[in-house]
Amino acid sequence: DAKTTQPTSMDCAEGRAANLPCNHSTISGNEYVYWYRQIHSQGPQYIIHGLKNNETNEMASLIITEDRKSSTLILPHATLRDTAVYYCPPRAGNKLTFGGGTRVLVKP
Amino acid sequence: GAGVSQSPRYKVAKRGQDVALRCDPISGHVSLFWYQQALGQGPEFLTYFQNEAQLDKSGLPSDRFFAERPEGSVSTLKIQRTQQEDSAVYLCASKHRGSGNTIYFGEGSWLTVV
């Protein structure tokens with residue numbers, strides 16, 4: 001299973017875009033990149049996923065490099081409620097492999 | 001219900017006690033997963049069911065851990081003779097049929113072994 005590397009923590013100003021990097025250099029060709037977040041005391045919440053192409057939904061945008069070794073989750077206008085731990089677990093088949101995640105603190 | 005439902009939400013067990021954690025997946029979801037999350041860490045895969053069949057139990061840490069889903073819907077994770085290192089959040093997740101479908105998580109059951 002692929003391993004991921006993310007910054008341990010990052011701060012973001014409310015209203016600004018938050019760019020969260022994820023390194024997944026060992027990802028295999030059939031593993032999707034998934035992003036989840038976990039707000040304190042809650043279960044992981046699905047955000048977005050992709051394989052090769054960039055993706056956008058109502059929550060965020062996902063930029064995947066051409067070599068698929070890294071990706072960036074973009075929260076276009078961060079709010080205080082976006083404070084959470086963000087994970088980028090690769091998914092092979094039905095198994096998600098979570099790392100330590102990035103603790104994002106959105107500040108007013 | 002609308003989401004994955006887990007009970008109990010919080011459980012305190014004395015060391016050596018057996019515990020049972022219940023998961024009610026999203027209606028119609030054939031795939032069900034259990035993950036374990038230690039404090040400050042990401043979730044770790046325990047086991048996976050497709051309907052009533054347990055297809056992968058490679059993540060179960062010891063033979064004290066046992067999961068079942070007898071009718072292909074509700075699942076129970078049982079931990080026998082609990083130890084302090086079993087203290088964690090136990091997350092259940094489910095997915096609709098189809099390899100590309102999203103995996104949705106419940107709120108978790110917080111187990112503290114004292």
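Numbers restart at 1 for each chain; the letters A, B, ... are given by sequence-line order, proteins then strands. Atoms considered below: every heavy atom in the structure, side chains included; atoms not considered: hydrogens, waters and symmetry mates. Computed from a predicted model, the values in this text were never measured in an experiment.
Neither the backbone nor the side chain of B/Ser109 comes within contact range of chain A; no heavy atom of the residue lies under 4.5 Å from a heavy atom of that chain. Contact annotation for A/Tyr36: only side-chain heavy atoms (C-beta onward) come within less than 4.5 Å of a heavy atom of chain B. Within the 4.5 angstrom heavy-atom criterion, only backbone atoms of B/Gln41 (N, CA, C, O) approach chain A. There is no contact between B/Gln6 and chain A, counting heavy-atom distances below 4.5 Å.
When all heavy atoms of A/Asn94 and B/Phe33 are compared, the pair lying nearest together is O-CE2, 3.0 Å. The two residues B/Thr102 and A/Arg91 have their closest heavy-atom pair at CA-NH1, 4.2 Å. For the pair B/Arg9 and A/Ser41, the tightest heavy-atom approach, listed with the atom from each and the gap, is NH2-O, 2.7 Å.
A donor-acceptor contact shorter than 3.5 Å is absent between the side chain of A/Tyr87 and the backbone of B/Pro43.
In B/Arg64, the CZ atom is crowded: over 12 heavy atoms of neighbouring residues, nucleotides or ligands sit closer than 6.0 Å. By the neighbour-count criterion of 12 heavy atoms within 6.0 Å, atom CZ of A/Arg103 is sparsely surrounded, having that number or fewer from other residues, nucleotides or ligands. No more than 12 heavy-atom neighbours from other residues, nucleotides or ligands sit within 6.0 angstrom of CD on B/Glu44. A 6.0 Å sphere centred on CG of B/Leu39 holds no more than 12 heavy atoms belonging to other residues, nucleotides or ligands. B/Glu71 CD: 12 or fewer foreign heavy atoms inside a 6.0 Å radius.
The interface of residues 42-67 of chain A with chain B, defined by heavy-atom distances below 4.5 Å, comprises A/Gln42, A/Gly43, A/Pro44, A/Tyr46, A/His49.
Placement of B/Leu46 and B/Tyr48 in two distinct hydrophobic clusters is found when ILVMFWY residues are connected by side-chain heavy-atom separations under 4.5 Å, directly or transitively. Under the 4.5 Å side-chain contact rule for hydrophobic residues, B/Leu32 and B/Leu91 do not share a cluster. Grouping the Ile, Leu, Val, Met, Phe, Trp and Tyr side chains by contacts below 4.5 angstrom, directly or via other members, places B/Val4 apart from B/Trp34. By the criterion of side-chain heavy atoms lying less than 4.5 angstrom apart, applied directly or through intervening Ile, Leu, Val, Met, Phe, Trp or Tyr residues, B/Val12 is not grouped with B/Tyr90; the two fall into different hydrophobic clusters. Residues B/Phe49 and B/Leu21 share a single hydrophobic cluster, defined by chaining ILVMFWY side chains whose heavy atoms lie under 4.5 Å apart.
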